[in-house]
Amino acid sequence: MTQTQEQGTADETARAVDAASRGCPVYRSNPHPLYRHLREASPVSRLTPPHGVDSYLITRYEDAKAALADPRISKDMYAAVDAYRSVFGDSSIALDDNMLFADPPKHTRLRRLVNRAFVPRRIEALRPRVQEITDALLDRFTTLEPVDLLSDFAFPLPLQVICELIGVPESERQKAQQLCSVVARTGFSKKDKARLAEAENGLREYFEDLIARKRKRPEDDLLSVLVQTRDEQDSLTDGELLSTLWVLLFAGHKTTAYLIGNAVHTLLTHPDQLQQVVTSPELLPNAVEEIIRFEGSVENATFRHALEDITVAGTLIPKGSLVQIAITSANRDAASFERPDTFDITRPGVQSSHLGFGTGPHYCIGAPLARMEMQIALASLFRRFPRISLARPAEEAEWLTVPFPAFRGLTRLPVMLDPSETPTD
Ligand code: HEM
């Protein structure tokens, strides 16, 4: 290749990355070819985001895995407050005073406070209740009309579960979900930021009120325990308590909701794999892991920033830059996964190799809960509606088009639960 050709290709790559990171629908509906190209041609890409803070995107598996656990790449956004403020604004800073945006020792302290509630043994005890919630949601469906599985099943299921665990009263869950949705959907324009600030302020007021109520009348839930810990041991501040509540509520339902959607869509578009899950239910746990690898719901890890100059795959990431780690890309890296673009629910060793729950100190605390919810949701749905099919062609699926996507998920998932019962004219 001549120097001019090389430059041309580099410019095209830069333009594609720019368009993709701004939420261009072509890349959102199928980001995988672009990520493949980046892994080969530009494994650490410089982004030009609208917020103006220098940002670098890491796309190869080994680099991503190392970066997720690299102490030189900090999660402490309070140390990078100017950069953080220009990306998200003050209202986000106040909500993000939690483990996800902290380094040790603060991270260790905040994570330890809630860790006990999420260990596999405790989560297993919730299984009957999660099954009950799932069954109640499925009971409400009629098979005559198309159903939007995302809004009527994928979202309410994890929302109800995490709200019960935290202690958000049933009558307030809808409101909490709405406020969370605004926060997740906003971009970086002035108008977006104003909407974001309004939703975040609304959430903060709601949380303050909920905390005050738990303080007055403690119940058998995680928030009451945290409030008690706050008051008796003084081991977290008011702001940290509120932010912990926020991260658990937000991360505890959106990720799983989008993953249920991705899972149903992927299985319905790979009928041979679905058939195997249905006839051999013991394959379901591995199928869930392969879904997380193949079409996981967290596309990019949360923001990090370089504490010093760091070189990754030959590219210098200067001190102070934001670092984004493309989990979706890493999980399809041919250097780490055989036939990475093949969806194979029997893929050996996938649970311990995919990065869908992250890795290192910030490894997803909710992974045991998410796994259980996924298994119950999919087993129950396909058992109850074995003839379920997409109501619209797979190519018309509507994927999220948020800029700098944290999530990879569908905006709607219309299905026919039993096409044989569709009335004919
Ligand atoms: C399928 C569903 C889920 C996926 C794909 C997922 C994915 C992730 C990923 C990739 C991270 C690491 C982020 C980073 O390093 O930047 C993370 C962290 C986290 N997740 Fe999940 N998650 C899921 C479900 C849940 C649930 C159900 C909860 C419930 C509490 C939860 C709570 C958290 C928390 C609190 C963290 C931060 C942990 C820390 O900073 O130490 N997640 N998750």
Side-chain angles (χ1 to χ4, degrees), residues 58 64-71 73-77 96-120 122-123 126 130 154-155 157-166 168 180 222-223 226 240 243-263 288-305 322-328 330-331 351 354-378 405-409:
I58 297 177
K65 192 173 173 188
L68 284 165
D70 190 336
I73 305 182
S74 168
K75 292 285 286 114
D76 180 2
M77 296 314 287
D96 285 341
D97 196 4
N98 57 54
M99 70 185 101
L100 192 52
F101 294 98
D103 290 336
K106 180 175 170 181
H107 169 261
T108 322
R109 170 174 60 84
L110 292 177
R111 184 164 169 131
R112 197 178 289 141
L113 286 170
V114 290
N115 202 30
R116 276 187 51 209
F118 291 96
V119 295
R122 292 228 169 192
I123 293 303
L126 297 175
V130 174
F155 264 87
L157 169 54
L159 182 77
Q160 285 199 43
V161 173
I162 196 68
C163 283
E164 275 200 22
L165 212 154
I166 294 174
V168 177
C180 287
L222 181 58
L223 182 54
L226 283 176
E240 289 167 349
S243 301
T244 299
L245 172 57
W246 157 239
V247 75
L248 293 176
L249 180 65
F250 187 82
H253 86 277
K254 283 200 115 56
T255 45
T256 314
Y258 285 128
L259 190 66
I260 295 175
N262 294 1
V288 167
E289 303 303 324
E290 173 66 349
I291 288 159
I292 298 173
R293 182 198 72 81
F294 183 78
E295 209 66 279
S297 54
V298 174
E299 181 157 341
N300 284 293
T302 47
F303 281 97
R304 285 162 166 75
H305 67 103
L322 290 181
V323 180
Q324 285 201 258
I325 302 165
I327 292 177
T328 290
N331 279 337
Q351 166 162 357
H354 73 67
L355 295 179
F357 287 122
T359 191
H362 294 275
Y363 179 80
C364 178
I365 206 170
L369 176 60
R371 289 187 163 118
M372 185 181 71
E373 288 179 295
M374 288 302 297
Q375 291 168 17
I376 292 177
L378 296 177
F407 295 117
R408 168 137 183 85

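Order of appearance sets the numbers: ligands from 1, and atoms from 1 within every ligand. All residue numbers refer to positions in the sequence shown, counting from 1.
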Could you tell me which atoms of ligand 1, counted from 1 in the order shown, lie closer than 4.0 angstrom to a heavy atom of [X]?
| X | result |
| --- | --- |
| L248 | 30 (C) |
| V298 | 5 (C), 7 (C), 10 (C) |
| A370 | 1 (C), 2 (C), 24 (C) |
| G356 | 5 (C), 7 (C), 10 (C) |

Discussion item. As a check for students: among F250, F357, F118, F303, identify the option with a heavy atom nearest to atom 4 (C) of ligand 1.
Written reply: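 Residue with the shortest heavy-atom distance to the ligand atom: F357.
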Please state which part of [X] comes within less than 4.0 Å of ligand 1, counting heavy atoms only: side chain, backbone, both or neither.
| X | value |
| --- | --- |
| P158 | neither |
| M374 | neither |
| S297 | side chain |
| I327 | side chain |
| H253 | neither |

[Y] backbone acceptor or donor facing [X] side chain under 3.5 Å:
| X | Y | answer |
| --- | --- | --- |
| R122 | P120 | no |
| T108 | P104 | no |
| H253 | L157 | no |
| N331 | L355 | yes |
| D103 | K75 | yes |
| R111 | P361 | yes |
| S297 | Y258 | no |

Which residue and atom name correspond to the protein heavy atom nearest [atom], and how close is it?
| atom | answer |
| --- | --- |
| atom 1 (C) of ligand 1 | L259 CD2, 3.3 Å |
| atom 29 (C) of ligand 1 | G252 CA, 3.4 Å |
| atom 25 (C) of ligand 1 | A251 O, 3.4 Å |
| atom 42 (N) of ligand 1 | C364 SG, 3.0 Å |
| atom 3 (C) of ligand 1 | T255 CB, 3.3 Å |
| atom 35 (C) of ligand 1 | I365 CG2, 3.5 Å |
| atom 37 (C) of ligand 1 | L100 CD1, 3.5 Å |

Give yes if a backbone or side-chain nitrogen or oxygen of [X] is under 3.5 Å from a nitrogen or oxygen of ligand 1, and no if not.
| X | result |
| --- | --- |
| Y363 | no |
| H362 | yes |
| R304 | yes |
| T302 | yes |

Would you indicate whether the side-chain heavy atoms of [Y] and [X] approach each other to under 4.5 Å?
| X | Y | result |
| --- | --- | --- |
| V288 | Q351 | no |
| I260 | P158 | yes |
| I291 | E289 | no |
| R304 | D70 | no |
| L245 | L226 | no |

Worksheet item: What orientation do Y363 and F357 show, parallel under 30°, tilted 30 to 60°, or perpendicular over 60°?
Response: perpendicular
Discussion item. With a cutoff of 4.0 Å, is P361 in contact with ligand 1, counting heavy atoms of the residue only?
Written reply: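 It does, in that a heavy atom of P361 comes within the 4.0 Å cut-off of ligand 1.
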